[in-house]
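One structure is given here, and the rest of the page talks about it.
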Amino acid sequence: MKTNQNYATLPKNYLFSAVAEKTRAFQKANPERSIIKLSIGDVSRPLPSVVVTALRKACTEMGKSKTFRGYGPEIGYPWLRKAIAEFYTQQYQVKLAPEEVIISDGAKSDLSNLLDIFDPQATVAMYDPVYPVYLETNLMLGRQPQFFYATAENDFLPLPDESIKADIIYLCNPANPTGVCYNRAQLQQWVDFARKHQAVILYDGAYACFIQDSHLPKSIFEIDGACECAIEVGSLSKMAGFTGVRCGYTIVPKQLCYQGVKLNQLWCRRQATKFNGVSYIVQRGAEAVFSSAGLLAVQKNIAYYQRNLRLICRTLQALGWQYYGGEHSPYVWVRCPQQMTSWQCFDFLLKTTGIVCTPGVGFGVGGENYVRLTGFNSYANTRLACQRLLQLKK
Ligand code: PLP
């Protein structure tokens, strides 16, 4: 018996475990120090009350024989698929049919499972620095991706060029870890490129709810021709505090077809065989997110995190540290001061301020000399962290 040898090619420690390990060791050695995590990619605001009410109601239904439900449709209940399709029409002016929306337990699972429907020999391209899941799921399959680099020179928004040769192209917008966001014309370039080269774009819109500027596209399907070359993955995690509840969706347009095969059918087939669907209770909670009360609560939560982000950005300006993002994204991408490496800056911030950041190099070589901060902590903690950062100026 042989194990999957590809696992040996994975980075030794998953980035966030390495950060957690170092933080634990520091706290153990310095029990008197207070630590503030500006590294977290997890939300801190609780679920909107309208969601909690819907979850409770669904629980009660499950406890009565008349309204009890067993296995549901693997690809999601029609009412939730319809609610999401309508949300896209109303909020983004993107016309979708409910059949194009397939419900899942989150974006991470979909982004890795989608690889099942492509040829094992398919080639892959992604940006660097990158959300580690895109890279590691491909490494597990023995694929070595091609990278296009997000650098200060291209404002961390790489555009297509003819050196990119891939069947599958990952785009994350707004981007994790750099917090930057493509405009319409830039996304159009990617769509045109994918159509020209018969490639498919796997578009990760997990942070779309953070885009505040109405001129910026929130869905790839706002771009002409995207229905013929893109799959969009969405998540309720950051949008509505579902990181622990688990619900997301993938949009596979009906027109999306390669060599006469419809990807929508393949993805539904894959999910029907390998996935049992999201629980009825969770889907009722998710449905409540897309109600008018739910969307209002989402806006309030996003505004809460954005207040934190404004504070972080103002603090960095006062320190004279260069940074990107933080406006249409929960992430601020900070150039390490005094030419420190990412891990040196991590150690420096931890020792001097008790602040935990995420070292940029953990997202790829292109992330070296940067660290990532997030607006997901409480306002009180973020304010305290910023006060401590300002002390570094003295
Ligand atoms: N995509 C990106 C870019 C992320 O940063 C994350 C989580 O941090 C996810 C997807 C995962 O989303 P979900 O919680 O829906 O699995």
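Residue indices begin at 1 and follow the sequence shown. Model, not experiment: these values are computed from the prediction.
- Taking each heavy atom of Tyr324 and Ala152 in turn, the nearest pair found is OH-CB, 3.4 Å.
- Although no hydrogens or angles enter the test, the distance criterion places no donor-acceptor pair under 3.5 Å between the side chain of Gln90 and the main chain of Tyr88.
- For Phe147 and Tyr127, the gap between ring centers reaches or exceeds 6.0 Å.
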Quick one, Asn6 with Leu139, criterion side chain to side chain contact (heavy atoms under 4.5 Å, CB included). Give me CA distance, side-chain angles, the key distance, then yes/no. CA-CA 6 Å; Asn6 298 322; Leu139 291 177; over 6 Å; no
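- Checked by atom type, the side-chain pair Thr123/Gln146 shows no donor-acceptor distance below 3.5 Å.
- Between Trp321 and Phe348, the two ring planes are tilted [angle within 30° to 60°].
- A salt bridge between Lys254 and Glu99 is present, with a side-chain N of the basic residue lying under 4.0 Å from a carboxylate O of the acidic one.
- Annotation for Lys57: atom NZ does not count as buried by contact number, only 12 or fewer foreign heavy atoms lying within 6.0 Å.
- Cation-pi geometry between Arg195 and Trp190 is not met at under 6.0 angstrom from the ring centre and within 45 degrees of the axis.
- Within 6.0 Å of CZ on Arg143 lie more than 12 heavy atoms contributed by other residues, nucleotides or ligands.
- A salt bridge does not link Lys218 with Glu222: every distance from a Lys NZ or Arg NE/NH1/NH2 to an Asp or Glu carboxylate oxygen is 4.0 Å or more.
- Donor-acceptor pairing under 3.5 Å is lacking for the side chains of Arg81 and Tyr77.
- Rounding to the nearest 0.5 angstrom, the gap separating the CG atom in Asn381 from the CG atom in Leu38 is 8.0 Å.
- Looking at Arg33, its side chain does come within 3.5 Å of a backbone N or O of Lys351 through a donor-acceptor pair.
- Using a 3.5 Å distance cut-off with no hydrogens or angles, the side chains of Arg388 and Ser34 do pair a donor with an acceptor.
- No donor-acceptor contact under 3.5 angstrom links the side chains of Gln322 and Tyr370, judged on distance only.
- Rounding to the nearest 0.5 Å places CD of Gln186 at 9.0 Å from CG of Leu216.
- Looking at Asp128, its side chain never comes within 3.5 Å of a backbone N or O of Ala150 through a donor-acceptor pair.
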Evaluation steps, side chain to side chain contact (heavy atoms under 4.5 Å, CB included), between Arg45 and Val43: CA-CA 6 Å; Arg45 304 291 302 150; Val43 289; 5.7 Å; no
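- One finds a salt bridge joining Lys274 and Asp116 here, because a Lys/Arg side-chain nitrogen approaches an Asp/Glu carboxylate oxygen to under 4.0 Å.
- Using a 4.5 Å heavy-atom cutoff, the side chains of Leu114 and Trp267 are in contact.
- Looking at heavy atoms from C-beta onward, Phe210 lies out of side-chain contact with Met239 at the 4.5 angstrom threshold.
- Inspection of the Asn176 and Arg372 side chains reveals an N or O donor paired with an N or O acceptor under 3.5 Å.
- Shown here for Met140 and Tyr7, the closest heavy-atom pair between the two residues is SD-OH, 3.7 Å.
- With rounding to the nearest 0.5 Å, the separation of NZ in Lys238 from CG in Asp42 is 7.0 Å.
- In this structure, the side chains of Tyr203 and Val233 stay at 4.5 Å or more apart for every pair of heavy atoms.
- Side-chain contact between Ile40 and Val356: absent, with no pair of heavy atoms (C-beta onward) separated by less than 4.5 Å.
- When atom types are taken as modelled, the side chain of Thr382 and the backbone of Asn308 share no donor-acceptor pair closer than 3.5 angstrom.
- Taking 4.5 Å as the limit, every side-chain heavy atom of Tyr131 sits out of range of all side-chain heavy atoms of Phe363.
- A donor-acceptor pair is defined here as one N or O able to donate and one able to accept, closer than 3.5 Å; such a pair exists between the side chain of His328 and the backbone of Gln212.
- Residues Pro145 and Leu135 form a side-chain contact, since some pair of their non-hydrogen atoms from C-beta on lies under 4.5 Å apart.
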Check the pair Gln317, Tyr323 against side chain to side chain donor-acceptor pair (under 3.5 Å), reporting the backbone distance first and the verdict last. CA-CA 8 Å; Gln317 280 163 23; Tyr323 69 91; 2.6 Å; yes
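- Closest heavy-atom contact between Ser342 and Cys336: CA-SG, 4.0 Å.
- In this structure, Phe193 and His197 have tilted ring planes: the angle between them lies in the 30° to 60° band.
- Using modelled atom types and a 3.5 Å distance limit, the side chains of Arg56 and Thr60 yield no donor-acceptor pair.
- In terms of heavy atoms, Pro330 sits closest to Phe376 at CB-CZ, 3.5 Å.
- Without hydrogens or angle criteria, Glu100 side chain to Ala97 main chain gives a donor-acceptor distance under 3.5 Å.
- Asn113 and Ser109 share no donor-acceptor pair across their side chains, judged by distance under 3.5 Å alone.
- In Glu32, the CD atom is crowded: over 12 heavy atoms of neighbouring residues, nucleotides or ligands sit closer than 6.0 Å.
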Steps toward side chain to side chain contact (heavy atoms under 4.5 Å, CB included) verdict (Phe148, Asn154): CA-CA 11 Å; Phe148 41 91; Asn154 58 27; over 6 Å; no
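- Between Asp204 and Tyr170, the side chains place no donor N or O within less than 3.5 Å of an acceptor N or O (distance only, hydrogens not considered).
- For the residue pair Glu61 / Tyr280, a side-chain donor-acceptor distance below 3.5 Å is found, with atom types taken as modelled.
- A distance-only check finds no donor-acceptor pair linking the side chain of Glu21 to the backbone of Ala18 [under 3.5 Å].
- Although no hydrogens or angles enter the test, the distance criterion places no donor-acceptor pair under 3.5 Å between the side chain of Asp155 and the main chain of Leu157.
- Atoms CG and OG1, on Asp110 and Thr250 in that order, are 3.5 Å from each other to the nearest 0.5 Å.
- In this structure, Gln198 places its CD atom where only 12 or fewer heavy-atom neighbours from other residues, nucleotides or ligands lie under 6.0 Å away.
- Phe221 is not listed as a side-chain neighbour of Tyr92, based on a closest heavy-atom distance of 4.5 Å or more.
- Without hydrogens or angle criteria, Thr273 side chain to Arg269 main chain gives a donor-acceptor distance under 3.5 Å.
- In this structure, the separation between OH on Tyr379 and SG on Cys386 is 8.5 Å, given to the nearest 0.5 Å.
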Under the salt bridge (charged side-chain N to carboxylate O under 4.0 Å, His left out) rule, what do Glu162 and Lys196 come out as? Steps first, then yes or no, please. CA-CA 11 Å; Glu162 294 300 327; Lys196 180 175 165 201; 3.0 Å; yes
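- In this structure, the side chains of Arg184 and Ile223 come closer than 4.5 Å at one or more pairs of heavy atoms.
- Once rounded to the nearest 0.5 Å, the distance linking CD1 of Ile84 with CD of Glu287 reads 10.0 Å.
- For Asp105 (side chain) and Cys247 (main-chain N/O), no donor-acceptor pair under 3.5 Å exists by modelled atom type.
- For NZ of Lys165, the number of neighbouring non-hydrogen atoms (other residues, nucleotides, ligands) closer than 6.0 Å is greater than 12.
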